[in-house]
Amino acid sequence: MTVVTRFAPSPTGYLHIGGARTALFNWLFARHHGGRYLLRIEDTDRQRSTDAAIEAIFDGLRWLGLDWDGEVTYQFARADRHAAAAQRLLDAGRAYRCYCTPEELETMREQARKEGRPVRYDGRWRDRDPKEAPPGVRPAIRFKAPREGASTIADRVQGEVTVQNEQLDDLIILRADGTPTYNLSVVVDDHDMGVTHVIRGDDHLTNAFRQMQLYLAFGWDVPEFAHVPLIHGPDGAKLSKRHGALGVDAYREMGYLPEALRNYLLRLGWSHGDDEIISTEQAIEWFTLDHVGRSPARFDFAKLGNLNGIYMRRSEDEALARAAEPFLARLAGRALEASEQAMLRAAMPSLKERAKTLVELADNAAFLVARRPLAYDAAAGQQLTPDARARLGRIASALAALDGWEAAKAEAAVRALAEAEGEKLGKLAQPLRAALTGRTVSPPVFDVLAVLGREESLARIADAAKG
RNA sequence: GACCCCAUCGUCUAGAGGCCUAGGACGUCACCCUUUCACGGUGAAGACACGGGUUCGACUCCCGUUGGGGUCGCCA
């Protein structure tokens with residue numbers, strides 16, 4: 001049997017981070033088993049589904065590299081098939097018409113809540129003669145759920161979970177307007193798509209029991225279920241926006257690399273011994289449901305940042321430069337010039353050592369696109385004392401006398417000067433850094449010098465020396 | 001409230017009854033490296049929620065308590 005998994009988001013918003021992890025697990029599981037990973041858009045809620053949200057889901061998945069197999073299935077397009085399936089249950093006596101109005105149901109629920117009883121549909125139309133139907137009311141179709149016994153799911157993550165059937169009420173499978181509801185659509189689609197493993201958030205665990213009964217009623221094989229714990233915020237509560245419940249596009253904009261985010265998401269709720277840095281190839285080889293944890297994990301930006309830093313440092317300079325260019329251009333407020341693109345690449349080895357995100361990296365590279373005369377930040381301004389300015393003049397002379405403009409040569413010259421003046425290197429390096437970058441924190445100052453080039457460097461030093 | 005799930009350092013986790021004096025990673029702190037910041041290196045602090053069992057022996061099994069989460073829609 002070949003494995004078939006699916007990711008089935010509803011396009012009512014962006015692709016959020018929890019959904020991305022669900023997609024990742026499905027993708028990995030299918031790839032691990034050499035199976036298929038399908039994408040289904042659950043757009044049966046016509047009010048809330050939007051094309052923009054569908055595009056956001058596609059974009060997010062593509063950016064994360066979670067390519068799906070075959071065509072995308074749109075659930076709404078299969079409404080007729082779902083209605084036919086409901087009719088089949090009706091014909092078989094496994095479903096019935098319910099003439100309750102929404103108001104009536106709401107009253108029923110309120111009453112139950114007030115009396116402390118379980119809030120469930122009481123089955124009042126289950127065995128009632130349809131002849132008693134009130135005139136003018138269009139009925140919804142309800143599934144006739146078993147009332148005795150128990151249902152057990154051998155969940156691949158949660159283990160054996162049993163629920164007494166009396167806990168399950170008769171769910172609506174077809175609305176009064178003839179459109180299918182979620183639980184029916186999911187079962188019919190998963191069956192028709194040949195899905196063998198349903199891997200999803202554990203907020204669906206209770207649905208699984210209803211869905212299992214539907215599979216049984218249809219006489220279909222029940223797929224394997226794997227309900228993965230949800231991702232929580234740092235406080236253990238539901239993930240809020242402030243805490244990371246953002247669309248994956250937001251992570252892209254914050255400057256995270258897709259491979260780093262993938263690695264982070266993978267380790268959130270899944271582990272392989274003490275391994276932390278796991279390539280996608282390795283993940284495909286290792287990923288099974290056996291090591292998916294059962295307790296909810298909290299989202300931690302600090303760890304994501306650390307991971308992203310590691311992935312950036314491991315990236316090829318050229319690839320990282322391409323990824324960083326939009327961020328630097330945004331910071332400059334204009335397109336980058338060819339010379340600036342070249343400088344970015346030249347500076348990349350030292351730039352990528354000291355950033356956790358592309359946003360940070362671009363910020364650290366701001367000196368590359370700054371225009372003279374530089375604005376000095378407060379700390380840099382303090383470096384440029386009269387003494388320091390005078391020293392910058394002498395540094396400029398020493399540098400100007402150089403033939404060649406490599407970092408090593410510049411360093412040797414400045415070191416020699418420091419020694420001649422009986423000063424520690426830092427005494428010269430810090431003002432120099434301030435003059436060249438406008439800040440007191442930057443990549444190694446001689447690298448900066450080399451990347452900026454002779455002309456620009458000397459001009460910036462002269463600017464600072466002048467005061 | 002009912003039903004279901006969960007519970008190891010602050011966080012992510014390893015741990016399948018003796019391997020645990022509970023391991024790794026992030027974060028924190030200290031030191032080293034050093035022209036700044038990083039990176040890197042070394043080291044430190046830091047957890048089995050609680051109470052009962054079962055067992056020669058429980059982080060590991062069972063029960064309960066507490067705490068957290070999920071679900072109870074003609075939403076998905």
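Computed from a predicted structure; not experimentally measured. Proteins come first, then strands; the chains are lettered A, B, ... in the order of their sequence lines, and each starts at number 1.
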* Neighbours of RNA chain B within residues 434-442 of chain A, by heavy-atom distance under 4.0 Å ->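 Residues of residues 434-442 of chain A that come under 4.0 Å of RNA chain B are, in numerical order, A/Thr440, A/Val441, A/Ser442.
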
* Partner residues of A/Asp192 under the side-chain hydrogen bond (donor to acceptor under 3.5 Å, both in side chains) criterion, sequence neighbours left out ->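 Partners of A/Asp192 by the side-chain hydrogen bond (donor to acceptor under 3.5 Å, both in side chains) criterion, ordered by chain and then number, come out as A/Arg78, A/Arg81.
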
* For A/Glu421, which residues count as a side-chain hydrogen bond (donor to acceptor under 3.5 Å, both in side chains) partner, sequence neighbours excluded? ->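 Expected list: A/Arg394.
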
Would you kindly give the [atom1]-to-[atom2] distance between [X] and [N], to the nearest whole Å?
X	N	atom1	atom2	result
A/Asp189	B/A76	CG	P	12 Å
A/Arg97	B/C74	CZ	P	18 Å
A/Arg21	B/C12	CZ	C1'	11 Å
A/Arg40	B/A76	CZ	P	12 Å
A/Tyr14	B/A76	OH	P	19 Å
A/Leu425	B/U35	CG	P	6 Å

Who does [N] pair with, Watson-Crick or G-U, both distances under 3.5 Å?
N	answer
B/C29	B/G43
B/C19	none
B/U54	none
B/A2	B/U71
B/A49	B/U65

* Asked: By ring pair (Phe, Tyr, Trp, His ring centres under 6.0 Å), which residues pair with A/Tyr215, not counting sequence neighbours?
  ->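 A/Tyr215 satisfies ring pair (Phe, Tyr, Trp, His ring centres under 6.0 Å) with no other residue.
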
* Residue list, ring pair (Phe, Tyr, Trp, His ring centres under 6.0 Å) with A/His82, at least two apart or on another chain -> none

* Nearest-nucleotide wise, let me know which of A/Phe209 and A/Glu411 is further upstream toward the 5' end of RNA chain B. =>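 Upstream on the strand: A/Phe209.
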
Pairwise [atom1] distance for [N] and [M], with rounding to whole Å:
N	M	atom1	answer
B/C12	B/C56	C1'	36 Å
B/C4	B/C63	P	13 Å
B/A58	B/G52	C1'	14 Å
B/G23	B/C9	P	14 Å
B/G1	B/U65	P	13 Å
B/U13	B/C50	C1'	23 Å
B/A30	B/C62	C1'	46 Å
B/U60	B/G53	P	15 Å

Between the side chains of [X] and [Y], does any donor sit under 3.5 Å from an acceptor?
X	Y	result
A/Asn308	A/Thr357	no
A/Asp177	A/Thr179	yes
A/Gln211	A/Asn183	yes
A/Tyr96	A/Asp170	yes

Just compare [options] and give me whichever is closest to any side-chain atom of [X].
X	options	answer
A/Glu42	B/C74, B/C5, B/A76	B/A76
A/Ala176	B/A76, B/C74, B/A38	B/C74
A/Ala140	B/C3, B/C74, B/U36	B/C74

* Structure fact -> Letter by letter from the 5' end, nucleotides 67-73 of chain B scores (B base, S sugar-phosphate only, - none; protein heavy atoms under 4.0 Å) --SSSSS

* Asked: Which letter, B, S or -, goes with each nucleotide of nucleotides 14-32 of chain B from 5' to 3', with contact meaning a protein heavy atom under 4.0 Å?
  -> SS-------BBBSS-----

* In this structure, are over 12 heavy atoms from other groups packed under 6.0 Å from A/Gln87 atom CD? -> yes

* Just jot down the salt bridge (charged side-chain N to carboxylate O under 4.0 Å, His left out) partners of A/Arg345, sequence neighbours excluded, or say none. =>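 Partners of A/Arg345 by the salt bridge (charged side-chain N to carboxylate O under 4.0 Å, His left out) criterion, ordered by chain and then number, come out as A/Glu318, A/Glu325.
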
* When you check the phosphate oxygens OP1 and OP2 of B/C6, does a side-chain N or O of A/Arg294 lie under 4.0 Å from one of them? ->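 For B/C6, OP1 or OP2 has a side-chain N or O of A/Arg294 closer than 4.0 Å.
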
* **Proximity of A/His197 and A/Phe25 rings by center, below 6.0 Å** =>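 Distance test on ring centres: not under 6.0 Å, no.
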
* So, do A/Phe287 and A/Trp270 have ring centers that fall under 6.0 Å from each other? ->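 Distance test on ring centres: under 6.0 Å, yes.
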
* **Donor-acceptor pair under 3.5 Å, A/Arg354 side chain vs B/C39 base** =>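 No pair found.
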
Identify all pairs in which a protein N or O lies below 3.5 Å from an N or O of nucleotides 42-47 of chain B, and state each distance.
none

Side-chain polar contacts of residues 296-307 of chain A - donor-acceptor pairs under 3.5 angstrom, sequence neighbours left out - could you list them?
unit_1   : atom_1 : unit_2   : atom_2 : d
A/Arg298 : NH1    : A/Pro234 : O      : 3.0
A/Asp300 : OD1    : A/Ala302 : N      : 3.1

Side-chain polar contacts of residues 377-385 of chain A - donor-acceptor pairs under 3.5 angstrom, sequence neighbours left out - could you list them?
unit_1   : atom_1 : unit_2   : atom_2 : d
A/Asp377 : OD1    : A/Ala379 : N      : 3.2
A/Asp377 : OD1    : A/Ala380 : N      : 2.8
A/Thr385 : OG1    : A/Ala388 : N      : 3.1

Distance-only donor-acceptor hits, side chain of residues 431-439 of chain A, under 3.5 Å, sequence neighbours excluded:
unit_1   : atom_1 : unit_2   : atom_2 : d
A/Arg433 : NE     : A/Gln430 : OE1    : 2.8
A/Arg433 : NH1    : A/Ser442 : OG     : 2.9
A/Arg433 : NH1    : A/Pro443 : O      : 3.1
A/Arg433 : NH2    : A/Gln430 : OE1    : 3.3
A/Thr437 : OG1    : A/Arg433 : O      : 2.8
A/Thr437 : OG1    : A/Arg439 : N      : 3.1
A/Thr437 : OG1    : A/Arg439 : O      : 3.2
A/Arg439 : NH1    : A/Asp363 : O      : 3.2
A/Arg439 : NH1    : A/Asp363 : OD2    : 3.2
A/Arg439 : NH2    : A/Asp363 : O      : 3.4
A/Arg439 : NH2    : A/Asp363 : OD1    : 3.4

* Asked: Could you give the distance from CZ (A/Arg120) to CD (A/Gln167), rounded to the nearest 0.5 Å?
  -> 4.5 Å

